[in-house]
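To find a chain, count down the sequence lines: A is the first, B the second, and so on, and within it residues start at 1.
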There are 2 protein chains.
Amino acid sequence: MDDDLQATVAAFRRLVTTLNRGKTHERLTEAAGVRLHRPDVEVLVTLLDAGEPRRIGSIAETLQVESPHVTRHVAALEQRGLVERVRDPDDGRAWRIALTEEGAEVAGRCRRVTGAWIEGALEGWSDADRAELSRLLGKLSDDVHDHLRTLKVVK
Amino acid sequence: MDDDLQATVAAFRRLVTTLNRGKTHERLTEAAGVRLHRPDVEVLVTLLDAGEPRRIGSIAETLQVESPHVTRHVAALEQRGLVERVRDPDDGRAWRIALTEEGAEVAGRCRRVTGAWIEGALEGWSDADRAELSRLLGKLSDDVHDHLRTLKVVK
DNA sequence: TATTGTTATACTCTATAACTATA
DNA sequence: TATAGTTATAGAGTATAACAATA
């Protein structure tokens, strides 16, 4: 393993560690003036990014979790009036989960706070470096996602 | 928020999501021929990266968790003979946690498997892109870490 | 009195299994 | 019989509080 790779892995591990701690989430949601659990926010932002109502199963796939997990958080969000569920007109077994007006507003705030925060972290970066980061992270994200399939799980 | 930034955040979210799922851990540890919980592996690799025995508190700081969490996993690793604890000669309240020979071997295997896997994901990348990724991720990791302090938690 | 670490406890995140209803 | 989702349950990850021992 060469040095670049070793450095890449180490940097990555540190980033993922930082971004996954409960405290980071707590700080960001507080800045957004929101009091929601992390998976709740993930569901909201997923719906906002999608730009249209999504099925439970489709949300689960995006978040790479099992569907009962999504069911639970959608129920919580529904109770708080941030999403609403409609029977899928094409398939009576399925639901479409839609952001309410308030839900869209909250989701937007969460997304903006995260963006602003990362923007802050990138203060002082040249335009060229920002563009490169965007390009390389996009590529990495795709390649990691594809490459994941090569790791088989034996039950 | 400009498009590059938006794309960066989205790519990042996807990466972190993927890399944090239990299944990814399960696959990597299986490839390493190890049966350990994620935090156990994190502790082992932290010790290996450090290259010398570390205190409980110092490990917790690196992993950005509270110390009881580290206490628990060090206890498990000790029981399996992968680490050993020695009273800190300079401070009778503290311990030094050291990898045993077997622990170092296991930690090395975990680190190698992760590296090899990421290397696989980067197959087809040019040397220039790899070097850029390494440079930008290193910079990002530092800047994110620094910038974290700007988000204050109000209790 | 402050600090290092442990014990006890509880909350959050996520998965699996068993189930219901529709296709 | 297969698929979308739910309910129930359990396990993994982490934090907080109360404590002991040493500085």
Side-chain angles (χ1 to χ4, degrees), chain A residues 16-30 35-44 46 53-79 83-98 153 155, chain B residues 16-29 35-44 46 53-79 83-97 153 155:
Chain A
V16 170
T17 293
T18 299
L19 296 177
N20 262 292
R21 292 316 170 198
K23 272 174 191 166
T24 304
H25 165 77
E26 196 182 327
R27 288 165 177 183
L28 286 170
T29 48
E30 196 197 338
R35 203 148 197 81
L36 289 171
H37 291 169
R38 184 153 27 119
D40 292 334
V41 174
E42 285 175 355
V43 168
L44 288 180
T46 298
R54 302 274 306 271
R55 291 183 173 201
I56 293 273
S58 149
I59 297 170
E61 200 183 343
T62 298
L63 296 179
Q64 299 177 53
V65 294
E66 301 301 319
S67 57
H69 184 60
V70 176
T71 294
R72 166 187 312 233
H73 290 283
V74 163
L77 290 168
E78 196 185 6
Q79 273 220 322
V83 304
E84 53 195 12
R85 18 192 348 153
V86 186
R87 273 285 177 202
D88 190 317
D90 306 330
D91 185 341
R93 296 168 303 183
W95 300 91
R96 297 274 171 187
I97 313 302
V153 171
K155 291 245 175 177
Chain B
V16 170
T17 293
T18 298
L19 296 177
N20 263 294
R21 292 315 167 201
K23 272 173 190 164
T24 304
H25 166 77
E26 197 182 325
R27 287 165 177 181
L28 286 170
T29 47
R35 203 147 198 81
L36 287 171
H37 291 170
R38 187 152 25 119
D40 293 334
V41 174
E42 285 174 354
V43 168
L44 287 180
T46 298
R54 302 275 306 271
R55 290 183 173 201
I56 293 274
S58 149
I59 296 170
E61 199 182 345
T62 298
L63 297 179
Q64 298 177 53
V65 294
E66 300 301 318
S67 58
H69 185 58
V70 176
T71 295
R72 168 189 312 232
H73 289 283
V74 163
L77 290 169
E78 194 184 8
Q79 272 220 321
V83 303
E84 52 195 13
R85 18 192 350 154
V86 186
R87 273 287 176 200
D88 190 316
D90 305 330
D91 185 340
R93 296 167 303 184
W95 299 92
R96 298 273 170 186
I97 313 301
V153 171
K155 291 249 175 174

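In this structure, the CG atom of A:D88 is 13 Å from the P atom of D:dT6, given to the nearest Å. Atom pair A:K23:NZ and D:dA15:C1' shows a separation of 8 Å (rounding to whole Å applied). In this entry the distance linking CD1 of A:I56 with P of D:dT3 reads 18 Å, nearest Å. What separates CG of A:L63 from P of C:dT14 is a distance of 9 Å, to the nearest Å. With rounding to whole Å, A:E42 atom CD is found 15 Å from C:dT12 atom P. Across the protein-nucleic acid pair, B:E26 atom CD and D:dA12 atom P stand 11 Å apart, rounded to whole Å. When the C1' atom of D:dA10 is taken as reference, atom CD of A:E66 falls 15 Å away, rounded to whole Å. When rounded to the nearest whole Å, the span between CG of B:L19 and P of C:dT14 equals 14 Å.
Using a 4.0 Å cut-off, some side-chain N or O of B:R21 falls inside it from OP1 or OP2 of C:dT14. Not one side-chain nitrogen or oxygen of A:R54 sits closer than 4.0 Å to the OP1 or OP2 atom of D:dA4.
For the residue pair A:R21 and B:V65, the shortest heavy atom distance occurs at CZ-CG1, 3.8 Å.
Among residues two or more places apart in sequence or in another chain, the side chain to side chain donor-acceptor pair (under 3.5 Å) test is passed with A:T17 by none. In terms of the side chain to side chain contact (heavy atoms under 4.5 Å, CB included) criterion, residue partners of B:E78 (sequence neighbours excluded) are, by chain and number, B:V83, B:R85. Scored by the side chain to side chain donor-acceptor pair (under 3.5 Å) test, B:E84 finds no partners at all (sequence neighbours excluded). Listed by chain and number, the residues in a side chain to side chain donor-acceptor pair (under 3.5 Å) with A:T18 are B:Q64 (sequence neighbours excluded). Checked against side chain to side chain donor-acceptor pair (under 3.5 Å), B:E61 has no partners two or more places apart in sequence or in another chain. Remark: A:R55 engages A:S58, A:D88, A:D91, A:A94, A:R96 in a side chain to side chain contact (heavy atoms under 4.5 Å, CB included) (not counting sequence neighbours).
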Output one letter per nucleotide in nucleotides 17-23 of chain C: B when a protein non-hydrogen atom lies under 4.0 Å from the base, S when only the sugar-phosphate is that close, - when neither is.
B----BS
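Proximity of a side-chain donor or acceptor of A:T24 to a complementary backbone N or O of A:N20 within less than 3.5 Å is not detected. Using a distance-only test at 3.5 Å, with no hydrogens or angles considered, a donor-acceptor pair links the side chain of B:R87 to the main chain of B:R93. Panel note: side chain B:R27, backbone B:G22; no donor-acceptor pair is recorded below 3.5 Å.
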For Watson-Crick and G-U wobble pairs within 3.5 Å on both distances, what is DNA chain C written in dot-bracket notation, | included for inter-strand pairing?
|||||||||||||||||||||||
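Of the residues in residues 71-79 of chain B, those placing a heavy atom less than 4.0 Å from an atom of DNA chain C are B:T71, B:R72, in numerical order.
Contacts of B:G22 with the nucleic acid, taken as non-hydrogen atoms under 4.0 Å apart, are absent. Within 4.0 Å of A:H69, counting heavy atoms only, lies at least one base atom of the nucleic acid.
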Can you give the donor-acceptor pairs under 3.5 Å from side chains of residues 66-75 of chain B to other protein atoms, not counting sequence neighbours?
| from | atom 1 | to | atom 2 | distance (Å) |
| --- | --- | --- | --- | --- |
| B:E66 | OE2 | A:K23 | NZ | 2.8 |
| B:T71 | OG1 | B:S67 | O | 3.3 |
| B:H73 | ND1 | B:D40 | OD1 | 2.8 |

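Taking only side-chain atoms of B:W95, from C-beta outward, the nucleotide of C:dT14, C:dG5, C:dT16 with the closest atom is C:dG5.
Projected onto DNA chain C by closest heavy-atom contact, A:H37 and A:S67 fall at different nucleotides, the more 5' of which corresponds to A:H37.
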Please report the C-alpha distance between B:R54 and B:T62 in whole Å, then the side-chain angles of each, then the deciding distance to 0.1 Å, and finally whether the side-chain contact (heavy atoms from CB on, under 4.5 Å) criterion is met.
CA-CA 10 Å; B:R54 302 275 306 271; B:T62 298; 3.0 Å; yes
